[in-house]
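Since this is a predicted model, take the numbers as computed values, not measurements.
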Amino acid sequence: MTSVATQRNTFDPADPFRSLSLNTATTKRWTLAEAVDGAARAGLGAIGLWRDRVDEIGAPTAAKIVADAGLRVSSLCRGGFLTEPGDGQAALDDNRRAIDDAATLGTRELVMVVGGMPDRDLAAARARVDERLALLVPYAAERGIRLALEPLHPMFCADRAVISTLAQALTMAQPHPAETVGVVVDTYHIWWDPALEEAIAQAGAAGRISSYQVCDWLNPMTADPLLSRGMMGDGVIDFATIGGWVRTAGYRGDVEVEIFNADIWAGDSREVIETMKQRYCDLVLPALLD
């Protein structure tokens with residue numbers, strides 16, 4: 001029997017931004033130090049880091065910058081890309097480095113984008129993820145890191161993630177303890193799923209919700225689907241309903257805003273954070289506090 005992972009409660013009605021995390025992808029032009037400074041000045045409680053920014057200065061330096069600013073690292077993105085044929089040694093080595101960096105940064109969650117289809121054999125690609133995940137779990141467990149499987153929208157199945165639904169991610173996580181393998185609830189990728197309410201409930205009951213990430217689905221989409229994420233309220237996603245499901249499932253951790261959008265990247269990042277804070281308070285937080 002697997003034990004249920006415990007979770008740090010970051011929700012505080014008296015401090016609505018304590019649970020809000022700026023994912024550095026949202027302010028892509030900023031260095032890690034600039035993003036940390038911007039998040040701290042805005043009164044946020046946490047920051048979600050991407051490895052490209054961490055690699056520029058090294059994990060120990062990044063950890064010090066975050067700690068000195070009084071922030072938490074809500075997650076490190078990303079590990080994964082485990083689907084290539086062959087022995088997979090390069091991918092395994094890279095993921096072990098990511099696990100080490102996550103431990104140095106003091107975050108528990110390493111977001112895993114598992115990889116797409118190197119050929120036409122989808123079943124084989126998923127089988128390789130299962131096999132390589134099993135090899136990484138003991139290494140992660142020794143360092144107190146949870147591998148957070150992120151299902152991506154089906155349009156990214158070919159090139160980025162052969163996991164498309166939260167239910168698929170839970171099935172892949174099930175053989176492993178909740179302390180070592182969790183799942184990511186990212187509104188952009190799974191808002192459309194007719195089985196989402198049930199899957200979120202199952203993830204919560206198993207203690208496997210590693211991260212709740214929010215942004216909106218733009219309609220119409222931009223020419224590049226990867227850059228078609230929008231600020232909450234600019235698209236079609238019902239954050240009140242999904243947030244209610246997440247709260248009922250027992251999630252009380254940080255909420256990351258992760259937006260890939262060329263117009264947002266080109267704007268003033270401090271203004272982006274202020275808009276993010278307002279939309280979070282108006283559209284996301286109420287359902288999480290009810």
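Test Asn23, Thr24, Asp55 against Trp50 for side chain to side chain donor-acceptor pair (under 3.5 Å) and you get one pass: Asn23.
The residues Asp94 and Arg97 are annotated as salt-bridged, a charged nitrogen and a carboxylate oxygen being separated by less than 4.0 angstrom. With respect to Asp37 and Arg41, a salt bridge is recorded, a charged nitrogen being found less than 4.0 Å from a carboxylate O. A salt bridge links Arg72 with Asp254: the closest approach of a Lys/Arg side-chain nitrogen to an acidic carboxylate oxygen falls below 4.0 angstrom. Ion pairing between Arg53 and Glu56 holds under the 4.0 Å rule for side-chain N and carboxylate O. Salt bridge absent: Asp282 and Arg279 never bring a charged side-chain N and a carboxylate O closer than 4.0 Å. Using a 4.0 Å cut-off between charged side-chain N and carboxylate O, Arg229 and Glu258 make a salt bridge.
Proximity of Arg160 to Leu226: side-chain heavy atoms (C-beta onward) are separated by under 4.5 Å at one or more points. By the 4.5 Å heavy-atom criterion applied to side chains, Leu136 and Leu147 are counted as neighbours.
By the rule that hydrophobic residues join a cluster once side-chain heavy atoms approach within less than 4.5 Å of another member, Leu133 and Phe81 end up as members of separate clusters. Put simply, Val137 and Val113 are part of two different groups of oily side chains (I, L, V, M, F, W, Y) that touch within less than 4.5 Å, one to the next.
Between the side chains of Ser19 and Tyr280, at least one donor N or O sits under 3.5 Å from an acceptor N or O.
Because its NZ or CZ atom is both nearer than 6.0 Å to the ring centre of Tyr139 and within 45° of the ring axis, Arg143 counts as a cation-pi partner of that residue.
At most 12 heavy atoms of other shown residues, nucleotides or ligands fall within 6.0 angstrom of atom CD in Glu198.
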